Every structure is written in structure tokens, then in C-alpha cells.
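For reference, the structure is listed below as C-alpha cells.
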There are 2 protein chains.
Amino acid sequence: MSRPSAAIRLADAAFALFDERGYEQTTVDDIAERAGLGRTTFFRHYRSKEAVIFPDHDRLLELIRDRLATSSHSTALVAVSDAVRLVLLHYIDEGELARRRYALTSKVATLRDREIASVARYQRLFREFIADWMGDPTEAASLRAELMAASVAAAHNHVLRRWLRGESADPVAEVDEAMREVLRLFPTPDARSGEDQQGSTVVAFRTGQDLDALLPALRRLVEDGQRPL
Amino acid sequence: MSRPSAAIRLADAAFALFDERGYEQTTVDDIAERAGLGRTTFFRHYRSKEAVIFPDHDRLLELIRDRLATSSHSTALVAVSDAVRLVLLHYIDEGELARRRYALTSKVATLRDREIASVARYQRLFREFIADWMGDPTEAASLRAELMAASVAAAHNHVLRRWLRGESADPVAEVDEAMREVLRLFPTPDARSGEDQQGSTVVAFRTGQDLDALLPALRRLVEDGQRPL
DNA sequence: TCATCAACGGTACTGAGTACCGTCTCAAAG
DNA sequence: CTTTGAGACGGTACTCAGTACCGTTGATGA
């Protein structure tokens, strides 16, 4: 039974020292010394002092990219909603480690900014995927892709942070519910594209007027196929 | 007619050198020397090398905060949509400077991350404002606030980036249109709260069925005031 | 036994950011 | 006119992150 690997010892030492003295008060020298390793070895395993806390964002990003590339969902938004679950599951899999990281990022501005930048990369990936999938270079479509990507990311982060704070017992169920909420925000426009569509778009209304008084207008709507507003 | 202030000379020197050699290839010493000032003076005016590019995010954030605090709009989302225009107008007011900054942030990862972190602070402000305004501690409301804030920020960034890239002739009109799109995503639930409401919510629908066949269901809707879905 | 290769340690360097101190100028107060 | 105090600036010296380079060790296999 050999000692834990250098990378693990360094990470353990780093978290321990961050807890004891705080992030800024801990130098890379301190971490290496605590781990019984040299400073050079630290940077061989982690690109930066921050990276010891965020180990595998790159790997996870690739995982998401692959998932999206091989996904076969009915809409881009569903595909992205599905892919983002991987991120949540990854954090949950980390368990206590993720919570310790959250405690740090909550206090240290530098780390918080780094975390936010990582999230932005996911969001960008989502946006590009959705835009490609729609294949519509319109300005409106572009904005829509941006809004969708932002909503998925926001919903995910919302659930993730709740779980990190210990406010969520079943984050997987919550993220599914949150994604349904996002899907409700963006009713699928597919059904409107053709002329001979089968689907029906249902709209509820309430008014002070008697229903019969509205019938002429309703009849015109149905006959002309015009959409008000 | 005196020389321009130290802060301005430093910023000019910084942008010039960033253009000539690139951001990483320029040291603070270089900037100070070009400006005919000492290194210490640079850090007296700008907290960091990055800060010389992003001068007044803090001030702008306060401006937004004030605007929100004194706003009297019908809904939180409208108030935020209004406030975010200030950000856009600020960038437009900067003109060419904003575009030079964009050129830099597009190339240098460090600067891009910093810019993203700034945007996140606006988004956080929006989220907190909306959550406070709603005064509903429910999980669903919290998620909704998060989605709203993210959507407003995303819509704003979309228009801003288009303008920065020179793709938008009238960014103010575009941001107004984008905000209308965001408002459409979140239909106001205000009208549903009371019993004796006056307003009418209109919904259009289309179906293969004959209108008369739907009448019974419609009558029930109107009478019971129930909401389908 | 020898060659190879990977992991590690050490030294020295660059550059950002901080602390501290000294200088100069200008303006108000004496 | 002199003094005092404040503000802007310059310089030196320091800490620490991150990089480059080189030398050492140790295991493995031909």
C-alpha cells in the first residue's frame, strides 16, 4: 500500500491550509511543504494555485461537448437540458469536496470569478450548439439561442447552489423540474413552421365580456389562421 | 492648457502598448514609462493592470443600484429591463474606447474572464432585486428570479456584443426589442392574484377541431376561471 | 549492467502587486 | 514671508505566482 499520489497529497494539503489560514494567506510553498513535495512539483500537477481547487473543468467541458455531439433529441433545448445534468451529477459525485470548494469560492473573490468564468464557458458551448442546431442566422434566432443557453445555465446553477448550501435533498429531481420550467419558457416553435401542421396551439383567455360576444372574433381567428399580437 | 491627467495618460499609454505588443507582452513598467510616470503612480490610479481597461464598472454598478432603488415600474422585470439600458448607453457613450476594449477582451483570456465576472455582478444585482421585489421565498419564485436576471443579462450582452462588433446600427432600438422578447418569456402573473381582477388575459389558439366543438370547454373555462395545464 | 524515461527537487528569473519612505508643489494659516 | 499640512509623485525593497532550465533519483526493461 503506497502513499497517495502527489496530486492528491497536494490537493489535501491545499484544502487543509486554506481552511486553516485562508486562501490568500497560503502560499504555494506552504502547500508543497505540507505535502512533503517541492514547489516545482506543485506546478507540474496544477497549472496555478487556483487550479488545485478546480481540477477538471476542462475534462468536464469535453464530456459535455461529446454528449451534445452525439445527442439525438427532438430539440436543441432538450439536448442541452439533458447535457447540463452531467455537470450537476459530477458535482454531486464529488460530494463533500464540492461543498468545501463552494465554501472557498463564497469567500475569495478571485476564486468566485474563476468559477463564474467556467460557467460562462459552459454557457457559450450551449449557445453555439443551439445556434448551430437551429441553423437560422436571423438576429431573432441568435437572441433566442442566447436566452436559452443563459436560462439553462441559470437553472442549473440555481439548483447546484441550493445543493451546495445543503438546501436540497434531491437535486436531480430539482434540476429536472427546473429544466421543465425552462422548457415552458420556450414553447417549441416547430409546430408553426409548416402549413399542414397537425398540432394545435392552445391559448387560455379570460375576459369580462360574455363568451358569445367574442365568437365572431374567434371564428375569424380560426378561419384566417391569423395570429394576434 | 495643462497636460492631460495622469490617469488619462496612463490609460492612453496602456492602450497604445497593448495594441503594439499585446497585453501580456506589456509590463506595467512599460506603461508607466510611456506615460512619463512612475510605476507606483500607475498602481495609485489603477488597482491592477487589468483595471486600466475596465475603469468604472464599480461606478456603473452603483448607478444601476440607485436606478433600481428609485424605480417605480409595474413589475420587477420591467424595472430591471429599464435599468440595464443604462449599461448599454454607457458603453455606447464610450464609443471607440469600448470597441478597443472589446478587441482586447476577445483575444486575452484573462481580460475576458474579468469582463464576464463584471457581468455576473450585474446579474446578481438583478436577481436580488427581483427576488426582493417578488417577496416570495418559494423555491419556484427564487428560480424564476434567477431565470429573469439571467435572461435580461443575456439579452443585453447579445445586443451589446453586436454593437461592439459593428453589427448593429441602432443598438438602443435593438435592446428595447430584445427586452420585449424577454418580457414575452415571462408573462406577468399579477393578473391572476386577486379574485375581482378587471384585466383580461387573451390567449390565441389554433386547432384542427371545429370551433363549435370546443365551445363547451371554453364555457367551462370562463365560468370556473380555471387555468388549464 | 546499462540505457531510458518519468517524476521530482532546486535555482534563478520575470512580473504583478504591496509597503514604506522621501520629495515636490501648492495653498492656507500664522 | 514662513510654516504647516495635504496631495501627487518617485524610488526602493519586498512577497509571491508562474516559468525555464538543469540536475538527481529510481524504477523498468533490454
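Lettering follows sequence order; numbering is per chain, from 1. If you're wondering where the values come from, they're calculated on a predicted model, not measured in any experiment.
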Quiz item: Just how far, in rounded Å, is C1' of C:dT18 from CD of A:Glu24?
Solution: 13 Å
Exercise. Identify the heavy atoms of B:Ala141 and B:Asp136 that sit nearest to each other, and give their distance.
Key: CB-O, 3.4 Å
Quiz item: Between C:dG9, D:dA17, C:dG17, which one does the side chain of A:Val28 approach most closely?
Solution: D:dA17
Exercise. Looking at every strand, decide which applies to B:Thr110 at a 4.0 Å heavy-atom threshold: base, sugar-phosphate, or nothing.
Key: nothing
Quiz item: Roughly, in whole Å, what's the span from CZ in A:Arg21 to P in D:dC16?
Solution: 11 Å
Quiz item: Taking DNA chain C as the partner, which of residues 44-51 of chain A come within under 4.0 angstrom of it by heavy atom?
Solution: A:Arg44, A:His45
Quiz item: Is the shortest side-chain N to carboxylate O distance from A:Arg161 to A:Glu174 below 4.0 Å?
Solution: no
Exercise. Select from A:Thr40 and A:Thr27 the residue whose nearest nucleotide in DNA chain D is closer to the 5' end of that strand.
Key: A:Thr27
Self-check item: Heavy-atom pair with the smallest gap, counting every atom of B:His45 and B:Ala7
Solution: ND1-CB, 3.7 Å
Quiz prompt | Atom pair distance, as rounded to whole Å: CD in A:Gln25 and P in D:dC16 | solution = 10 Å
Practice problem: Cation-pi check, B:Lys107 to B:Phe18: give yes when NZ or CZ is under 6.0 Å from the six-membered ring centre and within 45° of the ring axis, no otherwise. | Solution: no
Quiz item: Expressed in angstrom and rounded to an integer, what is the separation of B:Phe43 atom CZ from D:dG10 atom P?
Solution: 14 Å
Self-check item: Length of the line joining A:Phe42:CZ and C:dG9:C1', which is rounded to integer Å
Solution: 16 Å
Practice problem: Working to the nearest 0.5 Å, report the span between CD1 of B:Ile53 and OG1 of B:Thr105. | Solution: 8.0 Å
Quiz prompt | Reference residue A:Asn157; test side-chain contact (heavy atoms from CB on, under 4.5 Å); the match among A:Val119, A:Leu164, A:Leu88, A:Val87 | solution = A:Val119
Practice problem: Starting at atom CZ of A:Arg39, determine the distance to atom C1' of C:dT11, rounded to an integer number of angstrom. | Solution: 11 Å
Quiz prompt | Between P of D:dC14 and CG of A:Asp29, the distance in whole Å | solution = 17 Å
Quiz item: Between A:Asp30 and A:Thr27, does any side-chain donor sit less than 3.5 Å from a side-chain acceptor?
Solution: yes
Self-check item: Rounded distance (Å) that lies between atom P of C:dA16 and atom CD1 of B:Ile31
Solution: 8 Å
